[in-house]
Protein chains: 2
Amino acid sequence: MIRVIVVDDHEIVRKGIIAYLQTEDEFDIVGEAASGNEGAELILQLKPDVVLMDLMMENGNGIEATKQVMEQLPSCKIIILTSYYDDEQVFPAIQAGAFSYLLKTSSATEIADAIKKAAVGENVIEPKVAGKMMTSFRSENKKAHDTLTERELEVLLCIGNGMTNQEISEKLYIGIKTVKTHVSNILSKLDVHDRTQAAVYVHRNQLL
Amino acid sequence: MIRVIVVDDHEIVRKGIIAYLQTEDEFDIVGEAASGNEGAELILQLKPDVVLMDLMMENGNGIEATKQVMEQLPSCKIIILTSYYDDEQVFPAIQAGAFSYLLKTSSATEIADAIKKAAVGENVIEPKVAGKMMTSFRSENKKAHDTLTERELEVLLCIGNGMTNQEISEKLYIGIKTVKTHVSNILSKLDVHDRTQAAVYVHRNQLL
DNA sequence: TTCAAACTCGGTCTGAAGGCGGAGGAAGAA
DNA sequence: TTCTTCCTCCGCCTTCAGACCGAGTTTGAA
């Protein structure tokens, strides 16, 4: 029997998952919690084998709870089960010590599978999330913008100031085509899809 | 007699202003300083009625000095007298508690006038700067929450996360045309001309 | 000298963005 | 009720962005 705790602030979701897991007799749902704080406490108390943890909850998010648990109970396998798969959620969660990372679009059997695999030490990473991780690993711990050339960084900062290609070309005394080339390279290096996301990147990483 | 202190790191400028002010007998120049730090100290000590303060000085800028003085001597009227009239200088200065804002292109009589008016509680704002303030009052200073409707704010935050119109329409369950309408309204209300600048706005104002 | 990287610029093409004008429905205020 | 604000959506149109091609320059390292 795999001892499991489910942490999710949406009762419907929580009950649904539990109901499903109980249809398989190798799971033992030993507890449930509706917030990160509550969850962390419960986990440390009951020491389950596996935890299904939502991110983005009302009282204390899943990342904080994960960190807290991993400090005191590193053997516990925490599976993140969330709707989000953007960088802002994935990396902090993994750094916090999450064992697997699933999306709520996953099927019930996939979730059950992930729990069984976690119990025997196998990580499961959602394909969409795996992509993020791969690109991140290629650049190691380096921030993505460290791979940018000086010129590209200049252009990126201009984007971060909300400038258009035309304005950038005038400021840097280069052709608008050249600016476009730089922008394209920046977008692929930073793994974002348009200049707006690049601008967001600038501010999130406090480059400006 | 209006007790005045002049703070400017350029000795020539400082002496020039003082020399001129002394030709009118209603001014009493009680002190002068060549840096923000020195100026703040002197002001708190001598408690003048009006201060002529430069921005951008070597040791401690005028904005810091202004903040410091206003905390302990809010009755003191600080007139900013500087060469710059861009957003980076104007708004922080006013928020710091500056009473009037003049440019160094102002004539001597205008400066003298501003001092007299400050002494009786009248603000003087340089026309060029006033323009900045007006547009700012329509957008930035109202902090967006007042100008934008709730829905528009939702859309703005999505933009601040780098989402496309398509993605926003899916998230908010509305048509892409509707998103465009909101975006257009947001752009005009914030006085920016594309979504990238809107995203920058979001982060500069720490709405995310 | 050879090679790679970085910066520059060109053309073409597709889709997204955004301006402009209009319009209907819902809800609340006068 | 009438009026106003807000949210919703439509079509038409222009411009910008960005992808995908290729290619010339310089500089510095191998």
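All values below were derived from every heavy atom in this structure, side-chain atoms included, with hydrogens, water molecules and symmetry-related copies excluded. Just so we're on the same page: letters track the sequence lines, and every chain starts at 1.
Nearer to the 5' terminus of DNA chain C, by closest-nucleotide assignment, is the contact made by A/Glu152 (compared with the other of A/Glu152 and B/His193). The 5' end of DNA chain D is approached more closely, in terms of each residue's nearest nucleotide, by B/Lys180 than by the other of B/Lys180 and A/Lys180.
The nucleotide whose nearest atom lies closest to any side-chain atom of B/Lys177 is, among D/dC9, C/dG18, C/dT8, D/dC9. Nearest nucleotide to the side chain of B/His182, out of D/dC7, D/dG11, D/dA17: D/dC7. For B/Thr149, the listed nucleotide lying nearest its side chain is D/dC6; candidates were D/dC6, D/dC9, C/dG18.
Going from atom CZ of B/Arg195 over to atom C1' of D/dA17 covers 12 Å, rounded to whole Å. Distance OH (B/Tyr173) to C1' (D/dC7): 18 Å, rounded to an integer number of Å. When the C1' atom of C/dG25 is taken as reference, atom CD1 of B/Ile174 falls 16 Å away, rounded to whole Å. One interatomic measurement links the two molecules: CG of B/Leu153 to C1' of D/dC7, which rounds to 15 Å at whole-angstrom precision. Computed from coordinates, the A/Ile186 CD1 to C/dA6 P distance equals 13 Å when rounded to whole Å. Whole-Å rounding puts the A/Glu170 CD to C/dT8 P distance at 15 Å. The distance between atom CG of B/Asp194 and atom C1' of C/dG18, rounded to the nearest whole Å, is 10 Å. The distance from atom CG of A/Leu148 to atom P of C/dA6 is 11 Å, rounded to the nearest whole Å.
Interatomic distance, A/Ile63 CD1 to A/Ile78 CD1, rounded to the nearest 0.5 Å: 11.5 Å.
The side chain of A/Ser184 contributes no N or O atom lying less than 4.0 Å from OP1 or OP2 of D/dG18. Within the structure, every side-chain polar atom (N or O) of B/Thr164 is placed at least 4.0 Å from both OP1 and OP2 of C/dA16. Proximity of B/Asn165 to the phosphate of C/dA16: no side-chain N or O atom is located under 4.0 Å from OP1 or OP2. Dashed line: the shortest gap from a side-chain N or O of B/Thr178 to OP1 or OP2 of D/dC9 is under 4.0 Å.
For the residue pair B/Gln68 / B/Glu64, no side-chain donor-acceptor distance below 3.5 Å is found, with atom types taken as modelled. If you check the side chains of B/Arg151 and B/Asn185, you find no donor sitting under 3.5 Å from an acceptor.
Using a 4.0 Å heavy-atom criterion, one finds that A/Thr181 contacts the bases of the nucleic acid, with or without backbone contacts as well. Using a 4.0 Å heavy-atom criterion, one finds that A/Ile176 contacts no nucleic acid atom at all. At the heavy-atom level, A/Glu150 lies under 4.0 Å from the strands shown only through sugar-phosphate atoms.
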Passes side-chain contact (heavy atoms from CB on, under 4.5 Å), B/Thr66 versus B/Asn61? Steps please. CA-CA 9 Å; B/Thr66 301; B/Asn61 65 40; over 6 Å; no
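Here the closest heavy-atom approach between residue A/Ala198 and residue A/Leu187 is recorded as CB-CD2, 4.1 Å.
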